[in-house]
There are 2 protein chains.
Amino acid sequence: MSKQAEFAVILKMNPMFADLGADELQRLSNLCHTQHLGSGELLFQKGDPGDALFGVRRGQVRIETGASDGSRLTLNFMGPGDLFGEVAVLDGQNRTADATAGEASELFVLRRDDFLGFLEREPKVAIKIIALLCQRIRWQSERMEESMLQPLPVRLARRLCALAADFGSEVHISQEQLGVFVGAARESVNRQLQAWRKEAILDLQRGRILLRNMTKLTAIARNE
Amino acid sequence: MSKQAEFAVILKMNPMFADLGADELQRLSNLCHTQHLGSGELLFQKGDPGDALFGVRRGQVRIETGASDGSRLTLNFMGPGDLFGEVAVLDGQNRTADATAGEASELFVLRRDDFLGFLEREPKVAIKIIALLCQRIRWQSERMEESMLQPLPVRLARRLCALAADFGSEVHISQEQLGVFVGAARESVNRQLQAWRKEAILDLQRGRILLRNMTKLTAIARNE
DNA sequence: GGAGAAGTGTGTCATAAGTCACATAACTTT
DNA sequence: AAAGTTATGTGACTTATGACACACTTCTCC
């Protein structure tokens, strides 16, 4: 499979591009480049102009932010097939976090200029993108309002389910970071996790959470 | 001033269209129609296709939602110069609330089909709209996360400031509705308002709040 | 003008979750 | 292996806010 075809598949997996026709997708993929990163190498940092969209071909990229005390908090891991920077490439705003390679990686790169040129030549695609952004706005405003009003156990269960979808039943994250994710104090996170451990829903290790009973966890996430 | 020129001014006032050039704006305004509504007349209801964007030329339109118990909650008032349905016109999704005329009104109407045709002819405008939608997404995710984590007094002060910007120092809203707005219980809203009344920040009347000291209120909203 | 509805003011209580404080456990570095 | 650092576990306390209950006031409509 050609590089371009591989990129097209990644794009197609992303909701933002899922609606595009095969021909449109192919013309778009033709604009991509690739870039190699050594382990630990910086891809971009907070404040850089958002001049490209990236897809991970192999390796791993960590999206992290430097906390005020100098420590770093990981916001997300991007593995093969993941796409990031979709919004930046559309509006060109500065990056709001840093991205570094967790291991030697190869990325697909779609430059903003190329993408905008494409949209100008294909206004029908631009309109599809507009519709998708609108959906995202609606979805966001529904979810955010709802989600932040949910009690902590629900928010926590949802986050764990989301992480499980990406990493399987062994989630590698500290309770501190989990707290940042769900907007709660570390201690509260710990107490809830302990309660679930006693119910055999999960097991805890230093820096790791082992999900034992996803059925119960998703039930809690649904807040029934 | 022609009808179209009047509509162009309204569009220009909205962040979504503020970046458009005068020529683009003029071509867009030429697509508008007008529509008259009698007092109490229904403009659209929840579930209707979002097939147009509206601007209020004169009168008042209430955006409201039917609660499950049959009572109605007003989500917003749109007065002369206000624009609503911008998102619906872009993505065509169904309306999520009802709109009825609070008094005899005249509206500018920009139909979705006309607007999409315009975007197809002017891809540069489509790209500007995309950038604006992206901004809105970023803004939303920043604000929502931050906003819901703020204590009640801050959320309340922010909402009052926003209402003051639209209606001046005499805000006509029930404490119940205010509670819905900020996601809090009516009683909690009342207690906070009482505290502010004692500090001479505002005065309370049935269905009305009179803002006396915007300086203090905005200070609270900034959460300093 | 009387009845009922809608809006407001307040007391009491329960509870979720934050904060602080400290103990313990697990990794790292030298 | 000792020392230091980071992560986790837990108790005690505080606080904001929701829930319920009820009195009181102001509107609306026959």
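Chain naming here is simple, since letters A, B, ... match the order of the sequence lines and numbering starts at 1 in each. All values below were derived from every heavy atom in this structure, side-chain atoms included, with hydrogens, water molecules and symmetry-related copies excluded. For clarity, every value in this text was computed on a predicted model and none was experimentally measured.
The pair A/Glu176-A/Arg186 does not count as a salt bridge, with every side-chain nitrogen at least 4.0 angstrom from each carboxylate oxygen.
Taking each heavy atom of B/Arg158 and B/Ala221 in turn, the nearest pair found is NE-O, 2.9 Å.
Within residues 185-201 of chain B, the residues approached by DNA chain C to less than 4.0 Å at the level of any non-hydrogen atom are B/Arg186, B/Glu187, B/Asn190, B/Arg191, B/Gln194, in residue-number order.
The residue A/Gly179 sits apart from the nucleic acid: no heavy atom pair falls under 4.0 Å.
Put simply, the side chain of A/Arg208 never gets that close to the backbone of A/Ile173: no donor and acceptor are under 3.5 Å apart. B/Lys12 contributes a side-chain N or O that, together with a main-chain N or O of B/Ala18, makes up a donor-acceptor pair within less than 3.5 Å.
Between A/Pro151 and A/Arg208, the residue anchored closer to the 5' end of DNA chain C is A/Pro151, taking for each the nucleotide with the nearest heavy atom.
Out of D/dG9, D/dA7, D/dT17, the shortest distance to the side chain of A/Ser174 is found at D/dA7. Nearest nucleotide to the side chain of A/Arg206, out of D/dA7, C/dA17, C/dG7: D/dA7. Out of C/dC27, D/dG9, D/dT17, the shortest distance to the side chain of A/Leu204 is found at D/dG9.
B/Gln205 has no side-chain polar atom (N or O) that falls below the 4.0 Å cut-off from OP1 or OP2 of C/dT8.
Environment of NE2 in B/His33: crowded, with over 12 heavy atoms of neighbouring residues, nucleotides or ligands closer than 6.0 Å.
Between A/Ile173 atom CD1 and D/dT8 atom C1' the separation is 15 Å, expressed in whole Å. Taking atom CG of B/Leu178 as the reference point, atom C1' of D/dT17 lies 16 Å away to the nearest angstrom. A straight line from CD of A/Glu176 to C1' of C/dT19 spans 14 Å, rounded to a whole angstrom. In this structure, CG of B/Leu156 is placed 10 Å from P of D/dT17, rounded to the nearest angstrom. If you take CZ of B/Arg155 and P of D/dG18, they are 7 Å apart, rounded to a whole angstrom. The CG atom of B/Leu210 sits 12 Å away from the P atom of C/dT8 (whole-angstrom rounding). Distance B/Gln150 CD to D/dT17 P: 11 Å, rounded to the nearest Å.
Among B/Phe54, B/Phe17, B/Phe108, the one residue that satisfies the ring pair (Phe, Tyr, Trp, His ring centres under 6.0 Å) test with B/Phe7 is B/Phe108.
Using a 4.5 Å cut-off on side-chain heavy atoms (C-beta onward), A/Asn94 and A/Asp48 make no contact.
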